[in-house]
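Report on one structure; see the data block that follows.
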2 protein chains.
Amino acid sequence: MTTIKDIAQKSKVSVATVSYVLNNTRWVHEEKRKRVLEAISELNYVPNAVARGLRVQKSKAISFVVSDITNPFYPDLAKACEDLAQTKGFTINILNTDDKPDRTQLALNQVREGKVDGIIVTSALEQDREHFQKFMEQGYVIVLANRFIKGLQVDSVVADNFSGAVMATNHLYQLGHRKIAFMPGIIGSSITESRLNGYLKAMEDAGLTIYPEWLTSGEARYSGSYNTTKFLLGLPEEKRPTAILSLTDIGALGVLDAATDLGISVPDDLAVIGFDDLFISGTRSIQLTTVSIPRYEMGNLATSLLLERLEKSGKPEFQEIVLPVELIVRKTCGKQK
Amino acid sequence: MTTIKDIAQKSKVSVATVSYVLNNTRWVHEEKRKRVLEAISELNYVPNAVARGLRVQKSKAISFVVSDITNPFYPDLAKACEDLAQTKGFTINILNTDDKPDRTQLALNQVREGKVDGIIVTSALEQDREHFQKFMEQGYVIVLANRFIKGLQVDSVVADNFSGAVMATNHLYQLGHRKIAFMPGIIGSSITESRLNGYLKAMEDAGLTIYPEWLTSGEARYSGSYNTTKFLLGLPEEKRPTAILSLTDIGALGVLDAATDLGISVPDDLAVIGFDDLFISGTRSIQLTTVSIPRYEMGNLATSLLLERLEKSGKPEFQEIVLPVELIVRKTCGKQK
DNA sequence: CTGAAAGCGCTTACAG
DNA sequence: CTGAAAGCGCTTACAG
């Protein structure tokens, strides 16, 4: 491995000078400068980032934590993060938590260990609150994206999930549906809560009744949604929903498949709406009506918030950004009944 | 920030001793040991990984490079990598190349800079050959997954793409198809090449003719495949394929949608087969016949190859693993004609 | 304009 | 069983 010392020797200057030309951080006599540059290219030298990091106490890396990168929702976020980070010379670490709090701790430790300078978490849960609180008190920087934690003072960028759920529910109502079920996701997630609240509000405003059986899911993935749908569609006539609002598009796929397997046709006998607007949802074979979440923008903003806070170590106001969402009407709700 | 020195002072031992209890690397008198442990938990100390990394010349991190994490094929690979890496205390960096060679260079530099110990690249291209060659000559470690580079001496784990294409083509042939088109992907990728060769071989063995127009794609994504399909289906009768073999499932979705938009029904008027067997492909609305690629296993093996090579610095034989694939027959090819 | 030297926070021979 | 000290490869006050 060739180091700065080798370059210094070969070009007959001090290591200091090499460092200065490397970083362009002070004027160096043209001739020396040239010698240094030559030595660098001859010896194929690339500076050691770890040594530099130790010295300047910065790693130029950030962690991006997701609950499951395998869920097509997250790669878009991660991509946005990497795209921006890369232009600033930052490297990005991915960490899957599977929504397990101890995995999130692992991510926090990456910054305590100095491996990364800051962290973006898209998988915040209510039970993380104290850990995050303490983490920030220790002076570390974190920004929340996608899911926030109520009342926690921290930078965050989320979608307007409440309004999204209201819009979706109203859409169903306007189409003539009166028995509208909502399938919540994991508890402790602000997404489940905001969307549930939006649904509840819209149902109440419409004077519709909600059967407790409708709110049992707790699992927004494909198979959980598939099973819940079979349960819902097996309910006695009066309680059997004519419309299902799924927490995610992936979940909605489970709803669709369960309906198919039950011989129930969508949208004629059942309306379904998802959340996210994944690429796949727009496909001719799916045509899912859904609430679109601006994922790329969310990842981008979260990253720029983090990078900003990393630059200026002051303690400016925390920013809580809420991104607007949009109802994308396609084919899974059908026409006016 | 609290350092090993603080712990040493507080517990009245040397920093060496602290280090030894931290790493459990030599026997320490029980009493001192206890004092150290107490100090650690009282001061909430966590060792600095960067300093350690500099000292031992290891970062305990690896890079995982993909062409585009947004393509649902890759997250499964990445997940496998992280799952395994995490159990060994390794952290993983994700880097998207968009199939641009200079981005790949960035990844190589991450290891030259000491940020990561090794690298798994799933997006190798023929034009990377020399860079990888030199990289390895410099003593750095790399393993190729998914795509390999012919003749390059390096650890690799890929799927048996050739056989997959043969199986797919034969399936179509047995169903009665005689005009079977193949839509290649990016050139320089071993995947395009192996699958193309498999297709060519099967077509030849069956004595079928191939029109050059059939091989024009060069784009395995959705929109490229969509457009190519429109082109193929617009060909004069004799050259118009009755079956299309897409390089990927995502591409096959484009084929499906183009057919739909053209009013051509699948599988009655057009058979389509993909590659990958993404989750979505098995869904009731898609039911895509496809060649399944064992992604998770591929990521897992690649990671364990890398980790192995990182441990034993000797130069054992390079391993070239080829994973078997499977034809998953679903609904997009229909019955015997 | 330039260099010698301290120091970032660790680990690990070396000596006792 | 334990400690003082060198050193990993850089950057950056400090002094000239």
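Below, read A as the first sequence line, B as the second, and so on, with proteins coming before strands; counting in each chain starts at 1.
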Exercise for review: Indicate whether any N or O donor in one side chain lies under 3.5 Å from an N or O acceptor in the other, for S63(B) and Q110(B).
Suggested key: yes
Exercise for review: Using a cut-off of strictly less than 4.0 Å, decide whether K32(A) has a side-chain nitrogen or oxygen near OP1 or OP2 of dT2(C).
Suggested key: yes
Practice item. Go through residues 105-116 of chain B and report each residue with a non-hydrogen atom lying under 4.0 Å from DNA chain D, sorted by number. Key: none
Review point. What is the distance from CD1 of I4(B) to P of dG3(D), rounded to the nearest Å?
Key: 12 Å
For residues 296-305 of chain B, dump all side-chain donor-acceptor pairs below 3.5 Å to protein atoms at least two apart in sequence or in another chain.
residue : atom : partner : partner atom : Å
Y296(B) : OH   : D83(B)  : OD2          : 2.6
T303(B) : OG1  : G299(B) : O            : 2.7
S304(B) : OG   : L301(B) : O            : 3.2

Practice item. Considering just the side-chain nitrogens and oxygens of Q57(A), establish if one lies under 4.0 Å of OP1 or OP2 belonging to dG9(C). Key: yes
Please set out all donor-acceptor pairs under 3.5 angstrom arising from side-chain atoms of residues 74-81 of chain B, sequence neighbours excluded.
residue : atom : partner : partner atom : Å
D76(B)  : OD1  : T70(A)  : OG1          : 3.0
D76(B)  : OD2  : R295(B) : NE           : 2.8
D76(B)  : OD2  : R295(B) : NH2          : 3.1

Exercise for review: Considering only atom C1', compute the distance from dT12(C) to dG16(C) and round it to an integer number of Å.
Suggested key: 16 Å
Exercise for review: Verify the contact: side-chain N or O of T3(A) to OP1 or OP2 of dG9(D), cut-off strictly under 4.0 Å; return yes or no.
Suggested key: no
Check your understanding: Once you round it to whole Å, what is the distance between P of dT2(C) and CH2 of W27(A)?
Key -> 10 Å
Can you give the donor-acceptor pairs under 3.5 Å from side chains of residues 42-49 of chain A to other protein atoms, not counting sequence neighbours?
residue : atom : partner : partner atom : Å
E42(A)  : OE1  : K10(A)  : NZ           : 3.2
N48(A)  : OD1  : V50(A)  : N            : 2.7
N48(A)  : OD1  : A51(A)  : N            : 2.7

**Study point:** N or O in side chain of T17(B) less than 4.0 angstrom from dG3(D) OP1/OP2
**Key:** yes
Practice item. Please measure how far the P atom in dA6(D) lies from the corresponding atom in dT2(D), and state the result in whole Å. Key: 23 Å
All N/O contacts under 3.5 Å from nucleotides 13-15 of chain C to the protein, with atom names and distances to one decimal?
residue : atom : partner : partner atom : Å
dA13(C) : N6   : Y20(B)  : OH           : 2.9

Exercise for review: For N24(A) and R33(A), work out which heavy atoms get closest and say how close.
Suggested key: ND2-NH2, 3.8 Å
**Study point:** salt bridge (Lys or Arg N to Asp or Glu O under 4.0 Å) partners for D68(B), two or more places apart
**Key:** R221(B)
Practice item. Can you sort out the partners of N146(A) under side chain to side chain donor-acceptor pair (under 3.5 Å), two or more places apart, ordered by chain and number? Key: none
Exercise for review: Please work out if V50(B) contacts a base, only the sugar-phosphate, or nothing of the nucleic acid, heavy-atom cut-off 4.0 Å.
Suggested key: nothing
Practice item. Report the stems of DNA chain C as range-with-range entries sorted by first number; a stem here is at least three consecutive pairs, Watson-Crick or G-U wobble, both distances under 3.5 Å, and write none if there are none. Key: C:1-3 with D:14-16, C:5-12 with D:5-12, C:14-16 with D:1-3
Check your understanding: V158(A): what forms a side chain to side chain contact (heavy atoms under 4.5 Å, CB included) with it, not counting sequence neighbours?
Key -> F148(A), V322(A)
Do any side-chain atoms of residues 94-109 of chain B form donor-acceptor pairs under 3.5 angstrom with protein atoms, and if so which ones, sequence neighbours left out?
residue : atom : partner : partner atom : Å
N96(B)  : OD1  : I69(B)  : N            : 2.7
N96(B)  : ND2  : E82(A)  : OE1          : 2.3
T97(B)  : OG1  : V66(B)  : O            : 3.4
T97(B)  : OG1  : D99(B)  : N            : 3.0
D99(B)  : OD1  : R147(B) : NH2          : 2.5
R103(B) : NE   : Q86(A)  : OE1          : 3.1
R103(B) : NH1  : Q86(A)  : OE1          : 2.5
R103(B) : NH1  : N96(B)  : O            : 3.0
Q105(B) : NE2  : H131(B) : NE2          : 3.3
N109(B) : OD1  : R112(B) : NE           : 3.1

Review point. Does D128(A) have any salt bridge (Lys or Arg N to Asp or Glu O under 4.0 Å) partners at least two apart in sequence or in another chain, and if so, which?
Key: none
Practice item. Name all residues meeting the side chain to side chain contact (heavy atoms under 4.5 Å, CB included) criterion together with V121(A); count only those two or more places apart in sequence or in a different chain, and write none if there are none. Key: V65(A), I119(A), S123(A), A124(A), F132(A), I142(A), L144(A)
